[in-house]
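Notes follow the structure.
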2 protein chains.
Amino acid sequence: MTDLLETAKPMRADARRNRELILAAARELLGSEKADAQIDEVAARAGVGVGTVYRHFPDKEALLGELVRERFIRFNARLQEAIEDESAAPFDALAGALRRNAAESASDAATRRALMSGSERVFAHAEAEKEEFLRLAEVLVGRAHRAGELREDFVASDVPMVMCGVCSTMGKRDAGWEWERHLELVLRGMRPSG
Amino acid sequence: MTDLLETAKPMRADARRNRELILAAARELLGSEKADAQIDEVAARAGVGVGTVYRHFPDKEALLGELVRERFIRFNARLQEAIEDESAAPFDALAGALRRNAAESASDAATRRALMSGSERVFAHAEAEKEEFLRLAEVLVGRAHRAGELREDFVASDVPMVMCGVCSTMGKRDAGWEWERHLELVLRGMRPSG
DNA sequence: ACCTGAACACCGTTCAAGT
DNA sequence: ACCTGAACACCGTTCAAGT
């Protein structure tokens with residue numbers, strides 16, 4: 001587990017620690033039950049004053065945006081690994097990365113909610129990482145196409161689209177919604193129609 | 001377009017009219033741009049006082065819940081039509097209903113947001129309609145299974161699951177997300193793997 | 001340089017007065 | 001019976017004072 005954040009100017013040690021505590025508190029609180037936790041609660045759980053939360057994140061959406069950004073950094077790492085894995089067939093490399101990314105999303109309800117909020121303001125924080133995601137997806141999709149292993153009309157931007165679809169159905173096991181099956185069904189649909 | 005609401009006790013004409021005005025205002029405001037419109041704005045657009053909104057809907061989630069409930073009533077009508085259509089092959093009947101329901105959802109951003117909110121409180125308002133949806137889906141899924149036209153592991157509760165997935169990706173054409181293609185891909189994935 | 005938390009502003013909700 | 005909108009409560013955000 002390496003550092004996710006490369007900040008331009010190094011923060012004072014206590015500030016850096018507070019920042020991490022705030023993000024951890026947000027992930028825990030927003031993840032379990034309390035989808036609508038207040039900033040005051042996040043601050044309390046992190047053991048800092050509200051003002052400190054606002055010093056690190058200009059508003060609530062910036063805080064959620066950082067969760068999304070860090071998630072994309074991890075998504076991209078999985079895609080990069082798939083690109084570097086020479087042993088797998090192109091489609092399997094792509095499918096494997098999607099399975100791993102889905103599994104990670106499944107265990108991070110807070111970020112999923114932030115992703116699903118659909119707020120442009122939240123996503124704006126992760127713009128660069130989103131673009132990088134598309135670049136990486138392009139490589140994997142291109143390879144699968146050249147190998148004839150992917151539906152012809154499937155494009156790189158369909159990768160985040162179908163992943164968004166699968167993530168939107170996570171956390172509803174009590175309704176019989178099994179995202180693993182959902183994902184497999186989508187992967188099956190991605191194969192060539194021949 | 002018949003009446004969607006069968007209220008037990010008929011309302012006074014002005015109250016009934018206000019109720020419809022409020023729902024229409026909510027659909028318009030919450031649909032376009034303003035996902036976070038206040039109740040005051042909804043009331044203003046409907047031409048009533050805030051108190052009137054709260055007289056008809058105990059809280060904001062009840063208002064959103066009613067949008068969801070009405071949407072499910074329409075969903076169910078499409079499924080019922082598919083059940084009664086003897087001319088189509090079982091899978092095509094199911095697929096046709098899903099295409100029509102998706103198209104209707106696509107043009108109702110307000111309800112989609114309410115559906116996606118994932119709030120249990122919002123969904124509680126449409127419990128009966130959700131159960132009816134599952135009963136109808138069961139019929140169509142059962143027929144398609146018996147005709148050998150559906151993936152063996154596909155179950156009735158997968159219908160709302162995949163529809164939720166497709167709906168979660170609507171309204172993002174600027175990112176290249178085409179829900180029609182998403183739906184076709186999912187429908188393709190639903191076919192038997194043989 | 002960063003932290004704190006009381007104070008402020010905004011929006012969901014209530015309720016006393018009106019028709 | 002139903003409607004109105006000022007008043008209240010809650011939570012996101014600010015900022016003066018502290019370390």
Side-chain angles (χ1 to χ4, degrees), chain A residues 5 7-30 33-67 110 113-114 117 119-122 124-125, chain B residues 5 7-30 33-67 110 113-114 117 119-122 124-125:
Chain A
L5 304 171
T7 42
K9 285 137 212 234
M11 283 186 235
R12 224 168 66 178
D14 59 339
R16 177 157 180 75
R17 176 170 162 72
N18 280 338
R19 189 189 150 91
E20 296 304 329
L21 285 172
I22 291 163
L23 285 169
R27 249 186 292 261
E28 288 171 42
L29 273 175
L30 301 177
E33 295 126 87
K34 295 293 89 199
D36 55 345
Q38 308 105 276
I39 297 288
D40 288 63
E41 288 185 63
V42 172
R45 175 176 270 255
V48 301
V50 233
T52 303
V53 174
Y54 281 94
R55 156 165 277 269
H56 286 281
F57 306 98
D59 55 31
K60 198 176 190 181
E61 284 170 333
L63 175 56
L64 299 178
E66 180 60 15
L67 293 182
R113 275 198 258 263
S117 77
S119 161
E120 302 298 331
R121 309 252 323 275
V122 170
H125 281 265
Chain B
L5 305 170
T7 42
K9 285 138 211 229
M11 282 186 237
R12 224 168 66 178
D14 59 339
R16 176 157 181 76
R17 176 169 163 71
N18 279 338
R19 189 189 151 92
E20 295 304 328
L21 286 171
I22 291 163
L23 285 167
R27 250 187 291 261
E28 288 172 41
L29 273 176
L30 301 177
E33 295 126 89
K34 295 293 87 200
D36 55 344
Q38 308 106 277
I39 296 288
D40 288 64
E41 287 184 64
V42 172
R45 176 177 270 255
V48 301
V50 233
T52 304
V53 174
Y54 282 94
R55 157 165 277 266
H56 287 281
F57 307 98
D59 55 31
K60 199 176 189 178
E61 284 170 333
L63 175 56
L64 298 179
E66 179 59 17
L67 293 182
R113 276 198 258 263
S117 76
S119 161
E120 303 298 331
R121 308 252 325 274
V122 169
H125 281 265

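Predicted, not measured: the structure shown is a model, and the values here were computed from it. Here is the naming used below: chain letters follow the sequence lines, and residue numbers restart at 1 for every chain.
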### Task
Could you note down all residue pairs passing salt bridge (Lys or Arg N to Asp or Glu O under 4.0 Å) where residues 40-51 of chain A supplies at least one of them, sequence neighbours left out?
A:E28-A:R45
If you restrict it to nitrogen or oxygen atoms, what contacts under 3.5 Å exist between nucleotides 17-19 of chain C and the protein, and what is each distance?
none

### Query
Looking at B:Y54, does any N or O in its side chain come under 4.0 Å of the phosphate oxygens OP1/OP2 on C:dT13?
yes
### Query
Considering only D:dT13, C:dC3, C:dT13, which nucleotide approaches the side chain of A:D59 most closely?
D:dT13
### Task
Provide, to the nearest angstrom, the distance between the CG atom belonging to A:L21 and the P atom belonging to C:dC2.
16 Å
### Task
Find the distance A:F57:CZ to D:dT14:P and express it as a whole number of Å.
15 Å
## Note on the structure
Residue pairs passing the salt bridge (Lys or Arg N to Asp or Glu O under 4.0 Å) test with at least one member in residues 46-55 of chain A, sequence neighbours excluded, are none
Output side-chain donor-acceptor pairs under 3.5 Å for residues 57-65 of chain A, partner residues at least two apart or in another chain, one line each.
unit_1 : atom_1 : unit_2 : atom_2 : d
A:D59  : OD1    : A:E61  : N      : 3.2
A:D59  : OD1    : A:A62  : N      : 2.9
A:D59  : OD2    : A:R121 : NH2    : 2.8
A:K60  : NZ     : A:A37  : O      : 3.1
A:E61  : OE1    : A:R121 : NE     : 3.3
A:E61  : OE1    : A:R121 : NH1    : 2.7
A:E61  : OE1    : A:R121 : NH2    : 3.1
A:E61  : OE2    : A:S119 : OG     : 3.3

### Task
Please state how far atom CD in A:E20 lies from atom C1' in C:dC2, giving the value in whole angstrom units.
16 Å
### Message
Using whole Å, what does the distance between atom C1' of nucleotide C:dC2 and atom CD1 of A:I22 come to?
### Response
11 Å
### Query
What residues, two or more places apart in sequence or in another chain, satisfy side chain to side chain contact (heavy atoms under 4.5 Å, CB included) together with A:A15?
A:M11, A:R12, A:H56
### Gap separating the CG atom of A:D36 from the CG atom of A:L29, nearest 0.5 angstrom
10.5 Å
### Task
May I have the distance from A:E41 (atom CD) to D:dT13 (atom C1'), rounded to whole angstrom?
16 Å
### Task
Can you tell me which stems involve DNA chain C, if a stem is defined as three or more consecutive Watson-Crick or G-U wobble pairs, both distances under 3.5 Å?
C:4-8 with D:12-16, C:12-16 with D:4-8
### Query
How would nucleotides 4-10 of chain C be written as a contact map, 5' to 3', with B for base contact, S for sugar-phosphate-only contact and - for no contact, using protein heavy atoms under 4.0 Å?
BBB----
## Note on the structure
In short, B:A26 meets B:A110 closest at the heavy-atom pair O-CB, 4.1 Å
### Phosphate contact (C:dC2 OP1 or OP2) by A:H56 side-chain N/O below 4.0 Å
no
#### Entry: Residues forming a salt bridge (charged side-chain N to carboxylate O under 4.0 Å, His left out) with A:R113, sequence neighbours excluded
none
### Summary
In terms of heavy-atom contacts, B:A25 and B:V42 come closest through CB-O, 3.6 Å
### Message
Counting only side-chain heavy atoms from C-beta out, which of C:dT13, C:dC3, D:dT13 sits nearest to B:I39?
### Response
C:dT13
#### Entry: First encountered from the 5' end of DNA chain D, between A:E61 and B:D14
B:D14
